[in-house]
Every structure is written in structure tokens, then in C-alpha cells.
Asks: 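My questions will all concern the structure given below.
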Amino acid sequence: MKRTLFWTTLCMAGLLCACRPAPQRQIISLNGEWQITKTGGELPDIFNATAPVPGLVDLAVPALDTLGALYKDSSWYWHRRTFDLPDTDCEVILLKIFKAKYHTKVYVNGRFAGENYYCFTPSYYDLKPFLRPAGQPNELLIGVGSKAQLPPDIPNGNDYEKIKYIPGIYDNVEITLSNRPFISNIQCAPEVTQEKLRVVAELEMDAPATGLKVNYTVREAASGREVAAGALKTDASPVDGYATVAFEVDMKGATLWTPATPFLYELSLNTGADGKSVRFGMRSFRFDPERKIALLNEEPYYLRGTNICIFRFFEDPDRGALPWDGQWPVTLHERFKDMNWEGARYCIGFPPERWYDICDSIGFLVQDEFPLWGIYDFTVPRIAEEYRRWMRERWNHPSVVIWDAQNETVTPLIAQAAQQVRALDLSGRPWENGWSEPMDAADPVEAHPYLFNKYMSATEPPEGYKKHLFDTIRRADNDASTAQGRAIVFPNPSLINEYGWIWLNRDGSTTTLTDKVYETLWNGSQLTSQERLRIYARHLALLTEYWRAHRRAAGVLHFCGLAYSRSAPPRGQTSDHFTNIRNLTFEPEFYRYVKPAFAPVGLMIDVWEKSYAVAAQLEVPVYVTNDLQVSFEQEVTLDLLRDGQTVATYHQPVKVKPYEVQIVSFTLTLPAEPGEYQLKAGITCNNQPVFSLRDLPVEK
């Protein structure tokens, strides 16, 4: 047993019944098939369909809405089921709806039990006053409204590139049975450098307690091996019915959580009346404002990843029940890791809570973005309260490394709300504040350097665009420093979590934002779908290489790994890269070219001219970008190709220190015969080929 230090006890909560037996907290899942119906707001009399919970209302059978419904009216969707409880004598019988939208009302046995306007965080309901005697079935009715009837000061997940806001209970529903002191929340705050775990537990209590005893155990989550245990005794006085117990656990020799080693522990607390367990990882994450990089467990860490727009995917025609499938979200994140991505921004929307558990287990970092984009009738107390609920739900996930307050919005109100609650997170995660002024010197600035959107005008000349875009080492702008014409450059670390502006739908067709880009640069209407997909993949690789090699950002997250794909009217603005969404099959050109661009050791050939003269001598700089904790030492190969065949090969040794970039230069004489040639630089990293490819037109 490892030594434990009890460091403080804050007062707030309740009565311990010494005669009560050991806690037997019971969790009853209400997930499954529910009855469902639709009304204009009144309580329903008849249920004529069924739908899965969790899910969305468009999964109802038979359908409640017409094909292609946009869900713009003020309808209510009522979900009904019955449940039995093994014991109604428990002091706590608590219903939790993990997430539902938009606006939730709950009735138990025909009586109103409460409502919740918030759409993206849990709501809780005390069922005890409404229950029938043990042995009799209880009726639960949950209504979810439509976005149109939400009050104007409630965040509603507005997204300018969505067309459908489909209501639904889109996360778990469960009932907890237990007694008091009831453990309502546990926060685990790892302190990696001091090799200890800070724990704060919130207890719901009825009255003051003298000599309250709280037992704890820490085990390895996978093996169950005990690594620490102890007991605390304290006096507690309730404040508004709650008390807080805080202590520290010695975690010397603990295995640190990283994407490569996603090692998890489990903390179990026991008040003698209730018991609760949570998983955590020994992990720290912050940004260094001087070096402008991220630090994972106090080691430099360059983020490489993608975006997941779950609310856009909700309106994808092929979505179905995939987000709630047992294996599909696991495979999704595994596919992303295979792309050399180690994290994602959950963009303008929260997925089901299980997705965060998956990220904890497989080692996948999350920039968790609150679903807020654009100005509406903000009220700071409303946003602060939902931020508080959001943090309480997520703060034990080691995968969650950044609180992202909003997307691309400029307003001081969001920071005011976030500053009211950010100190609640004892792990001190950084906050990203969209295009608003950063809140702290160590907070990252959101950068969306969409270099290709300048070619949306058909009058823009396409000559020499690569040299124009990439022959200069530029800062990653389109961020808080440039929003709304600002002249200041915030010195914060820059985090690129969107770039591209060359999206294609899954079938290779252009989107509403990229029609003119493809036409301007590549005569896109004359290309086949396969030709467009190859252009897309190669230019995404080029952009990725460019932003990584010049180290102007603490991370490079591609947009977008999961979204909708709407090639038929109403057409979409962005898309993802799957050819089969159910099987999660990547489009082959994307997989071929973009995966190596995100390799832990990446390459970039730094040549950008539109054409080259025959027989000329050419200097070819090749950037070698090392994101690893160890030096990379290997031979870089540079091949001169024509029609896929090697014309000449060159070799240069390279040694790159951890986290650094090294440039190796090749001198070659170009062929005397004109033609379409290519340069291909190559190495091997983690037993996988890594390459950078450039077209090399040779002309007389």
C-alpha cells in the first residue's frame, strides 16, 4: 500500500448511517428501443413508432417526418418507456440524460419531474418523489424539442454549413440507485512532475457528519492490480447539501499516459453508503508560451491530427445508427491513428460520451470544442453554467487536453464566461478561444490558414500559384490576430486546426466552397472525379508538409476527418475522405499521399517553380521534420522520375535531433530531354515509407 497524504477537507455535506451495509450503487441502463411520437408541444396520447435511445428522431420506425425534413419547425418528440426498480427505498434514485437536444422535459408516471434547456451537457432528475411502490412498473416520458423553440440565449450548436438540426436523445440514459453520502462527482488531477494524484470528491449529504470515513483504492484499469489504498476521516458540514473531500495519492513509478502508451488507472471511492469509480491517466498537457509549443508530460509535443464534425455527420445521408454502434467509433479512431494522426478537434459538437472513453483507451488526444459558432443573444451566466457542466463531465479523461470555448467568433463575452469556471479544472488545461483574444499567455490561438480560398474568383490568374503560396515562410494567419481587421499579432502559440479549402465530396465532386477553386487552378469541370481526388490528396499533402516543416504552429490538424458528404442539392461546403462510410474505407489517393505527410518524421521538397530549363543545375532542399523524442538518423533518397520510372537516384545522410527540423540539399543536373518529371524524396519511419513528391516540368 502506498502512502497517502490527506491534504484538505472542504465543508459541504451529510449524514453517514453507520448501520448501513457496504455500498451497492446500482446503475440501470435505459438504452434501447423506446416508443416515440411527435406533437406540436402538447403531451401525447398515442405512440405510433419506435426509435433507439441513444439516437436521433430520424431513426424512428415508421418515420415521423417526411423524407428530407429539415427540422425547422417547433415540434416536440416524445420518447416513452417503462422501467422497474429492484429497490425504491434507496435515498438516491437519480435519472441522468447524458445529452439531448433541443430542450428536454421529463415526466414520471404522468407528473412533471423537471426540464433542461441545455443541449450538450448532462441533465439530472430526482425520481424518488414520482415513483410507484416497488414491484409496479413506472412510466418515463422524455420530450425533446426543436432548435426553433429554444430561448435565444441558449447555445444551440449553430453551424453555418449545416442544414438540419435533428433532435434526439443522442447519448445514454441511466438511473443510479444508492444512498447518502452520495458521491456526485470525482475529479482526478494528475501531478506528473510530483508523481502524485490530486483527488477532489463532491458528496451529497443530508446533514453534518462527524468522523466521516471515505475509503479509496487506485488500481491499474486493465490488470486490476492495486497500486494505492487508504482511508480518510473528517468532519463535514453541508453547504447547500454538498461537501467536498480532497486528498492526494502517492503515484511514484506510475506509467504515464501518452498516445503511444495509453495507460489507465481506476480510482474507487467508498463512503460506506455509496461507491463510485472513475478512470484517469497520469498525464499533463500545457503550452509553453516562450517556445510556443505543446508539452505532453513536460516533453515537447507537436500535435498531428484531424477534425471530427459529429453534428455535421448527424445530417449525412449514410449516417444511420453508426455513431452509437459498438465497434464503428472504435474503428473510426483506429483508422485515424493509422493515418499518423494522434488526435482530433471535436469540432462544433460533442459526440456521445463513449467516444471519449475510446480515445482514453486507444491513445487519441481531443481538443474538445464547445458547439458555439457565431454571435447571438449571449448571456455570460448561461454560457458559464454550461461550461461548468461540460467540464465536470470530461475532466477525468486523459484524452481531453484542450478546452475549446468556441469556433471563429469574436466577442469578449465568451472569455468572461470561461474565466468564471476555468479554475475548476485542477489539471489546468489550456483554453482555446476561437478568433477572440486569448485568455492567457499559455493558451493557444486558433489558426485557419486557408491559402487556397484566394482562388475562389475565376478572374484570379493561376500561373505560378505554388511558388506564390509556398516559396515564402509565412505565419499561420486567419486567426485572432487578423480577425475583424485587427493589427495586433498575439504572441501565443499558434494551433492550426483547419486548413485546405480544396474539399471534395466522397464521389469526387466539388463543394459549394471549392467549385471556383478547382475551375480557376485546374480547369476542374473538365476533370474526372479520379483526377480531382488525386489533385485534392496531393495538395493536402503539400500543405501538411509545408506547415509542419516551417514550425510556425504547435500543431497541424487537418479538416476534415469526419463530416457530411452532400453532393446532391442542397450541396455541402466540406466533406471527409471515405468511399464507404459504414466500412470506413479511405479514398485511396488520400490514403496514399496524406498519410506519409503526417508521419512522425516527415519530409518536404522545397522547390516550387512552374517549370525548369533542360540540362540546368538544380539545388533541391529537403526538409526533414522530426516529431520524435529521439534523434532520427537515416539516409534520405531523392529519385528523379519520369512516367513512374527512375531516371536518377541521389542519397544524403541526415541526423535530426528530437523535435527539430534539418535541411539536406541535393544538387542535380536536369535531363536534356523535355518532359514531365517528378522528384520523390524518401525515408522509412516506423517501418513505413515516407515520401514527398513534386512535379518537375522540364522545358526548352
Side-chain angles (χ1 to χ4, degrees), residues 255-262 288 290-305 337-343 363 365 470 473 496 541-558 591-608 617-641 646-669 678-694 696:
T255 301
L256 299 185
W257 188 98
T258 71
T261 58
D288 184 328
E290 300 300 323
R291 290 183 285 175
K292 304 188 191 310
I293 61 173
L295 299 176
L296 176 64
N297 299 325
E298 294 303 308
E299 290 287 335
Y301 189 85
Y302 286 92
L303 291 95
R304 304 187 311 276
K337 290 201 73 168
D338 182 52
M339 282 293 301
N340 292 314
W341 296 331
E342 293 191 331
L365 302 175
F470 304 115
I473 303 175
I496 298 174
L542 187 156
L543 285 160
T544 304
E545 293 171 9
Y546 174 83
W547 290 119
R548 290 187 63 200
H550 292 310
R551 289 297 201 216
R552 290 302 180 97
V556 178
L557 279 66
H558 137 276
Y591 188 78
R592 176 186 177 189
Y593 292 109
V594 179
K595 176 180 177 176
F598 276 101
V601 180
L603 299 175
M604 183 187 76
I605 298 175
D606 193 27
V607 295
W608 310 105
Q617 196 171 67
L618 179 64
E619 291 293 321
V620 181
V622 177
Y623 285 65
V624 185
T625 303
N626 184 10
D627 286 352
L628 299 173
Q629 286 184 308
V630 296
S631 293
F632 177 82
E633 188 170 4
Q634 206 176 103
E635 188 176 73
V636 180
T637 300
L638 183 68
D639 291 329
L640 179 64
L641 307 172
T646 302
V647 175
T649 299
Y650 307 85
H651 304 274
Q652 285 277 17
V654 67
K655 183 175 182 179
V656 192
K657 294 179 180 180
Y659 315 116
E660 293 191 2
V661 178
Q662 189 72 257
I663 302 174
V664 293
S665 189
F666 296 82
T667 302
L668 57 149
T669 301
Q678 287 183 325
L679 288 173
K680 184 177 183 180
I683 57 171
T684 299
C685 180
N686 294 340
N687 298 316
Q688 296 289 323
V690 179
F691 64 88
S692 175
L693 192 67
R694 294 290 177 272
L696 200 73

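Here the structure is a predicted model, which is why all the values come from computation and not from measurement.
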Asks: Determine the minimum heavy-atom distance between Val607 and Pro621, stating which atoms define it.
Replies: CG1-CD, 4.2 Å
Asks: Quick one, Leu696 with Leu618, criterion side-chain contact (heavy atoms from CB on, under 4.5 Å). Give me CA distance, side-chain angles, the key distance, then yes/no.
Replies: CA-CA 11 Å; Leu696 200 73; Leu618 179 64; 4.1 Å; yes
Asks: How would you list, by chain and number, every residue that makes a side-chain hydrogen bond (donor to acceptor under 3.5 Å, both in side chains) with Thr669, sequence neighbours excluded?
Replies: none
Asks: Kindly compute the distance separating CE (Met604) from CH2 (Trp547), expressed to the nearest 0.5 Å.
Replies: 11.0 Å
Asks: Check whether any side-chain N or O of Thr544 sits under 3.5 Å from a backbone N or O of Ala597 as a donor-acceptor pair, and report yes or no.
Replies: no
Asks: Parallel, tilted or perpendicular, judged at 30° and 60°: which one describes the rings of Tyr302 and Tyr659?
Replies: tilted
Asks: Any idea how Phe691 and Tyr593 line up, ring-wise: parallel (<30°), tilted (30 to 60°), or perpendicular (>60°)?
Replies: perpendicular
Asks: Do the side chains of Val620 and Ser665 get nearer than 4.5 Å, heavy atoms only?
Replies: no
Asks: Under 3.5 Å, which donor-acceptor pairs do the side chains of residues 624-634 form with other protein atoms, sequence neighbours left out?
Replies:
{"from": "Asn626", "atom 1": "OD1", "to": "Leu628", "atom 2": "N", "distance (Å)": "2.8"}
{"from": "Asn626", "atom 1": "ND2", "to": "Val630", "atom 2": "O", "distance (Å)": "3.0"}
{"from": "Asn626", "atom 1": "ND2", "to": "Val656", "atom 2": "O", "distance (Å)": "3.2"}
{"from": "Asn626", "atom 1": "ND2", "to": "Lys657", "atom 2": "O", "distance (Å)": "3.2"}
{"from": "Asp627", "atom 1": "OD1", "to": "Arg551", "atom 2": "NH1", "distance (Å)": "2.9"}
{"from": "Asp627", "atom 1": "OD1", "to": "Arg551", "atom 2": "NH2", "distance (Å)": "2.8"}
{"from": "Asp627", "atom 1": "OD2", "to": "Arg304", "atom 2": "NH1", "distance (Å)": "3.2"}
{"from": "Asp627", "atom 1": "OD2", "to": "Arg548", "atom 2": "NH2", "distance (Å)": "2.9"}
{"from": "Gln634", "atom 1": "OE1", "to": "Thr684", "atom 2": "N", "distance (Å)": "2.7"}
{"from": "Gln634", "atom 1": "NE2", "to": "Thr684", "atom 2": "O", "distance (Å)": "2.8"}

Asks: To the nearest 0.5 angstrom, please state how far the CD atom of Glu545 sits from the CG atom of Leu603.
Replies: 7.5 Å
Asks: At their closest point, which heavy atom of Pro689 faces which heavy atom of Pro596, and how far apart are they?
Replies: O-CB, 4.0 Å
Asks: Going by heavy atoms in the side chains, are Gln617 and Thr667 under 4.5 Å from each other?
Replies: yes
Asks: Could you pull out all residues at least two apart from Ala554 that satisfy side chain to side chain contact (heavy atoms under 4.5 Å, CB included)?
Replies: Phe287
Asks: Between Thr646 and Thr649, is any side-chain donor less than 3.5 angstrom from a side-chain acceptor?
Replies: no
Asks: Have a look at Ile683 and tell me which of Thr637, Val690, Val654 forms a side chain to side chain contact (heavy atoms under 4.5 Å, CB included) with it.
Replies: Val690
Asks: Side chains of Phe666 and Val622: does their closest heavy-atom pair fall under 4.5 Å?
Replies: yes
Asks: Taking only residues two or more places apart in sequence, or in another chain, which ones meet Glu342 in a side-chain hydrogen bond (donor to acceptor under 3.5 Å, both in side chains)?
Replies: Tyr301
Asks: Check whether Lys337 reaches the backbone of Gly363 with its side chain - one donor and one acceptor, N or O, closer than 3.5 Å.
Replies: yes
Asks: Does some side-chain heavy atom of Ser692 sit less than 4.5 Å from a side-chain heavy atom of Leu679?
Replies: no
Asks: Which residues pass the side chain to side chain contact (heavy atoms under 4.5 Å, CB included) test with Arg552, sequence neighbours left out?
Replies: Ile473, Arg475, His550
Asks: Please list all pairs passing the salt bridge (Lys or Arg N to Asp or Glu O under 4.0 Å) test where one or both residues lie in residues 290-302, with sequence neighbours left out.
Replies: Arg286-Glu298, Asp288-Arg291
Asks: Under the salt bridge (Lys or Arg N to Asp or Glu O under 4.0 Å) rule, what do Lys655 and Glu660 come out as? Steps first, then yes or no, please.
Replies: CA-CA 10 Å; Lys655 183 175 182 179; Glu660 293 191 2; over 6 Å; no
Asks: Given Thr258 and Leu296, is the side-chain contact (heavy atoms from CB on, under 4.5 Å) satisfied, shown in steps?
Replies: CA-CA 8 Å; Thr258 71; Leu296 176 64; 4.3 Å; yes
Asks: Please examine the side chains of Leu638 and Leu668, heavy atoms only from C-beta on, and report whether any two atoms are closer than 4.5 Å.
Replies: yes
Asks: Assess the residue pair Lys595 and Asp338 against the criterion (salt bridge (Lys or Arg N to Asp or Glu O under 4.0 Å)); give the C-alpha distance rounded to whole Å, side-chain angles, the decisive distance to 0.1 Å, and a yes or no.
Replies: CA-CA 8 Å; Lys595 176 180 177 176; Asp338 182 52; 3.2 Å; yes
Asks: Taking the side chain as C-beta and beyond, is there a heavy-atom pair between Leu557 and Leu303 under 4.5 Å?
Replies: yes
